[in-house]
Amino acid sequence: MYEEFDAVLLKDGRFASIVDKDGPGFYTGTVGDSPKDWAVVYLTDADIDRKLTREEREAWGERSLKKLKEQGYD
C-alpha cells in the first residue's frame with residue numbers, strides 16, 4: 001500500500017518517512033525532526049493512518065529546518 005520514500009501520518013500522531021519496504025504491509029521508517037529525536041521505526045499497515053498531504057510534508061520540512069538551525073546545523 002505504501003512505497004519507499006512516502007511520508008505518512010502514524011496513528012499515534014507522528015510523521016514518518018518510509019525508507020524501506022520490507023514486504024507486503026511491513027516497512028522501515030524514520031521519525032523525528034532533527035538528530036536529537038530521529039529514530040528508526042518498524043511499521044505495519046496497521047500503524048499508518050494515511051499519506052501526508054503536500055502541505056503537511058512542507059510544514060514538517062520547515063519544522064525540521066528550524067530545529068536543525070537551532071542545533072547549529074546550517
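The analysis underlying the following values was restricted to heavy atoms, covering all of them including side chains, and did not include hydrogens, waters or symmetry mates.
Every residue was checked against the side-chain hydrogen bond (donor to acceptor under 3.5 Å, both in side chains) condition with D37, not counting sequence neighbours, and none meets it. Residues forming a ring-ring contact (aromatic ring centres under 6.0 Å, His included) with W60 (at least two apart in sequence, or on another chain): F15. For E4, there are no side-chain hydrogen bond (donor to acceptor under 3.5 Å, both in side chains) partners two or more places apart in sequence or in a different chain. For the side-chain contact (heavy atoms from CB on, under 4.5 Å) test, residues two or more places apart in sequence or in another chain that qualify with P35 are W38, L68, Q71, Y73. With sequence neighbours left out, the side-chain contact (heavy atoms from CB on, under 4.5 Å) criterion links E70 to K66, K67. In this view, R57 satisfies the side-chain hydrogen bond (donor to acceptor under 3.5 Å, both in side chains) rule with no residue, not counting sequence neighbours. K69 meets the side-chain hydrogen bond (donor to acceptor under 3.5 Å, both in side chains) test with no other residue; sequence neighbours excluded.
Within the model, atoms CG of L65 and OG of S34 stand 11.0 Å from one another, a figure rounded to the nearest 0.5 Å.
Residue pairs meeting the salt bridge (Lys or Arg N to Asp or Glu O under 4.0 Å) criterion with at least one member in residues 15-29, sequence neighbours excluded, are E3-K21. Evaluation of the salt bridge (Lys or Arg N to Asp or Glu O under 4.0 Å) test over residues 40-52, restricted to residues two or more places apart or in two chains, returns D6-K51, R50-E56.
Other cluster members for F26: none, since no ILVMFWY side-chain heavy atom sits under 4.5 Å from it. Here M1 sits in one hydrophobic cluster together with Y2, V8, L10, I18, Y27, V31, V41, L43, I48; the rule is ILVMFWY side chains under 4.5 Å apart, joined directly or through other members.
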